[in-house]
Amino acid sequence: MVLPLHDNLSRLEEMRRESIQGGGDDRIAAQHQRGKLTARERIDLLLDAGSFEEFDTLKTGRGGSLGEDDHHYPGDGVVTGHGTIDGREVFVFSQDFTVIGGSLGEAHSQKISKVMDHAVRVGSPIIGLNDSGGARIQEGVDALAAYGEIFHRNVEASGVVPQISCIMGPCAGGAVYSPAMTDFTFMVENSSNMFVTGPNVVKTVIHQDITAEELGGAQVHGAVSGVAHFVIPNDILCLREVRRLINFLPSNNRQKSPFLDLRDPPERTDPALDYLIPPNPNQTYDMNILIYSILDGAEFLEIQANYARNIICGFGRMGGQTIGLVANQPAVLAGVLDSNASTKAARFVRFCDTFNIPLICLVDVPGFMPGPEQEHGGIIRHGAKLLYAFIEATVPRITVIVRKAYGGAYLVMNSKHIHCDINYAWPTAEIAVLGPRGAVEVIYRKEIKESKNPDATMAEKMEHYRKAFVNPFLAAKRGYIDDVIFPRDTRHRLIRTLQFLESKKTHRPDRKHGNIPL
Ligand code: HXC
């Protein structure tokens with residue numbers, strides 16, 4: 001005789017088997033054929049081996065309104081639960097494209113909402129692996145309501161726990177706005193796309209032929225729109241990079257990032273840095289040389305590496321502590337600040353501030369990008385975002401001016417005047433209102449025009465200006481620079497500064513929230 005209990009045990013086994021099977025062998029094979037892993041294979045690679053604990057394995061929807069009420073989909077197209085990454089708890093949802101295209105209906109959304117709620121309650125990151133046909137058409141307005149629940153939670157969790165999205169398949173329509181509100185978006189090359197309206201709608205409305213890849217593929221969002229923070233060749237590498245990112249971050253806004261000693265001596269000097277800046281001020285060099293030299297173990301995780309490449313943002317460690325690094329890149333557009341660079345850096349600065357990550361700013365900026373394209377595109381609004389973000393940040397803020405620091409861009413790039421904690425300059429720093437040519441053309445215009453030899457007068461005035469202003473010493477005399485340092489000592493000075501700033505406290509008046517110029 002089979003006892004009811006035993007009956008239920010085998011029923012449970014059966015139901016679990018069905019859920020784990022997802023959409024069945026054929027759909028799993030189709031997923032693999034596209035170079036995509038299944039929802040569960042992705043979770044296995046993301047989390048520490050054997051650490052995944054699933055919720056709602058047996059949850060199904062109520063059925064839709066097209067007469068298929070009796071049809072329940074195993075797990076309702078999403079796998080949810082928690083596990084660890086290098087021993088630290090994270091919550092995860094992974095959409096299962098093999099089950100009704102990973103489409104999102106009421107039950108699917110409730111499963112995601114549950115893990116998001118837990119993540120906020122216990123203070124652990126939430127990672128979403130997106131692979132979905134969007135709102136489940138059969139569920140009508142219930143599916144739209146279901147998205148609203150997730151959007152709401154994205155905002156509630158923002159600035160409380162890190163939120164990470166991986167786009168590993170389609171992500172279309174309003175669905176894109178959930179990843180867009182998370183902190184970091186990964187996209188997998190050739191298998192993911194994101195757009196508000198797909199190629200068919202584009203064809204109907206504006207009569208343009210365009211492929212999904214051209215419209216919203218990983219490369220486009222990595223280099224043109226800036227929607228993707230990381231573009232990764234395949235699922236396996238993508239999940240590995242998520243683990244790497246998590247290791248730089250604290251679990252929530254009450255904690256600091258985990259300390260990791262890479263055995264790189266804090267006092268290590270790099271004499272080659274004394275020769276990094278070329279003698280000719282118009283010559284470029286690669287800021288990455290400085291970045292990789294000063295960070296622990298030369299380990300740097302760059303964000304939006306192919307977007308607005310004139311500014312570099314990313315995470316590294318100094319003396320074992322995670323830092324957020326913002327640096328002008330003189331090798332791209334001479335390191336000028338434009339609208340895209342400003343918004344890219346502003347969002348990064350705000351992330352670091354929210355999650356207690358000290359900021360280090362390496363400056364070589366000739367100014368803001370001139371021209372109608374930038375002005376009409378709102379560089380005033382966008383530049384103001386970066387200014388606002390730095391001023392708003394209460395984490396330790398340190399600046400090193402390595403070469404150019406001109407005009408408004410000097411101020412915006414975490415200068416003393418907007419209350420950075422400590423700023424250093426290399427002897428090669430140039431801190432002034434304008435560069436020599438621009439300045440001389442304004443203040444000696446008449447004299448040059450009336451001169452018998454305008455070129456010689458111009459050269460003479462520029463030389464004079466250079467001697468007077470193109471150095472860090474005037475700023476140092478005023479105390480606007482805390483010290484002029486030898487380039488070779490930069491790492492050591494920064495680590496010592498980070499150490500003493502660790503207990504920094506800033507008090508701000510109470511307010512609901514500021515009004516950043518969006
Ligand atoms: C229900 C869906 C679905 C959806 C896919 N499927 N999307 N079922 N609702 N939104 C089902 C398909 O019927 C199919 O079921 C299975 O998933 C796989 O889909 P295929 O079309 O065979 O796969 P593929 O050829 O790879 O194409 C994938 C796709 C396409 C590009 C995503 O399925 C598609 O265009 N789907 C609709 C996308 C869409 O318009 N979604 C609504 C977006 S608006 P069977 O049983 O045949 O295997 C939106 C609004 C959000 O999401 C609102 C937020 C406010």
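These values consider heavy atoms only, across backbone and side chains, with no hydrogens, waters or symmetry-generated copies. Indexing begins at 1, ligand by ligand and atom by atom, following the structure's order.
- The protein non-hydrogen atom at the shortest distance from atom 24 (P) of ligand 1 is R34 NH2, 3.6 Å.
- Relative ring orientation between H118 and F55 is described as tilted, the plane-to-plane angle lying within the 30° to 60° band.
- For the residue pair Q163/N154, the side-chain donor-acceptor check at 3.5 Å is satisfied.
- Of the protein's heavy atoms, at least one falls inside 4.0 Å of atom 53 (C) of ligand 1.
- Between F230 and F186, the ring planes lie parallel to each other; the angle is under 30°, not in the 30° to 60° tilted range.
- Close approach of ligand 1 to Y147 is summarised as follows: ligand atoms under 4.0 Å from at least one heavy atom of the residue are 51 (C), 53 (C), 54 (C).
- Atoms of ligand 1 found under 4.0 Å from any heavy atom of G133 (numbered from 1 in listed order, with element): 7 (N), 10 (N), 32 (C), 37 (C), 38 (C), 39 (C), 41 (N), 42 (C).
- At a threshold of 4.0 Å, the pair R153-E156 does not count as salt-bridged, since none of the basic side-chain nitrogens sits closer than that to a carboxylate oxygen.
- Every residue was checked against the side chain to side chain donor-acceptor pair (under 3.5 Å) condition with D26, not counting sequence neighbours, and none meets it.
- In terms of protein heavy atoms, atom 1 (C) of ligand 1 is closest to Q138 OE1, 3.1 Å.
- Comparing heavy-atom distances from atom 9 (N) of ligand 1 across I137, D131, V99, L104 singles out I137 as nearest.
- Nearest heavy atoms, N356 versus N253: ND2-O, 2.9 Å.
- For the pair A135 and ligand 1, the shortest N or O to N or O distance falls below 3.5 Å.
- Annotation: cation-pi pair R27/F97 absent, no NZ/CZ under 6.0 Å from the ring centroid and within 45° of its normal.
- Within the 4.0 angstrom cut-off, atom 13 (O) of ligand 1 has no protein heavy-atom neighbours.
- Contact annotation for atom 48 (O) of ligand 1: protein present (non-hydrogen atoms, distance under 4.0 Å).
- Ligand 1 places these atoms under 4.0 Å from at least one heavy atom of R27: 45 (P), 46 (O), 48 (O).
- Proximity of Y177 to ligand 1 is not established, as no heavy-atom distance is less than 4.0 Å.
- The distance criterion of under 3.5 Å between nitrogen or oxygen atoms is not met by S132 with respect to ligand 1.
- For atom 29 (C) of ligand 1, the nearest protein heavy atom is 4.0 Å or more away.
- Each of the following atoms of ligand 1 lies closer than 4.0 Å to a heavy atom of L144: 53 (C).
- Among protein heavy atoms, the minimum distance from atom 3 (C) of ligand 1 is reached at S103 CB, 4.0 Å.
- Residue A175 has at least one heavy-atom neighbour below 4.0 Å for each of these atoms of ligand 1: 51 (C).
- Counting only heavy atoms of the protein, atom 2 (C) of ligand 1 lies nearest to I100 O, 3.8 Å.
- Using a 3.5 Å distance cut-off with no hydrogens or angles, the side chains of D96 and T98 do pair a donor with an acceptor.
- Residues R17 and E14 are paired through a salt bridge, judged by an N-O separation under 4.0 Å between the basic side chain and the carboxylate.
- For atom 41 (N) of ligand 1, the protein comes within 4.0 Å by at least one heavy atom.
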- [ ] Begin from the C-alpha positions of D76 and K111 and carry the test salt bridge (Lys or Arg N to Asp or Glu O under 4.0 Å) through to its verdict.
- [x] CA-CA 9 Å; D76 211 55; K111 287 181 71 172; over 6 Å; no

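- At least one N or O atom of G101 sits closer than 3.5 Å to an N or O atom of ligand 1.
- Ranking protein heavy atoms by distance to atom 50 (C) of ligand 1, first place goes to G174 N, 3.7 Å.
- The pair R16-E13 does not count as a salt bridge, with every side-chain nitrogen at least 4.0 angstrom from each carboxylate oxygen.
- Shown here are the salt bridge (charged side-chain N to carboxylate O under 4.0 Å, His left out) partners of D131, two or more places apart in sequence or in another chain: K36, R42.
- For atom 55 (C) of ligand 1, the closest heavy atom belonging to the protein is F151 CE1, 3.8 Å.
- In terms of protein heavy atoms, atom 44 (S) of ligand 1 is closest to G173 CA, 4.0 Å.
- In terms of protein heavy-atom proximity, atom 20 (P) of ligand 1 is nearest to F97 CZ, 4.7 Å.
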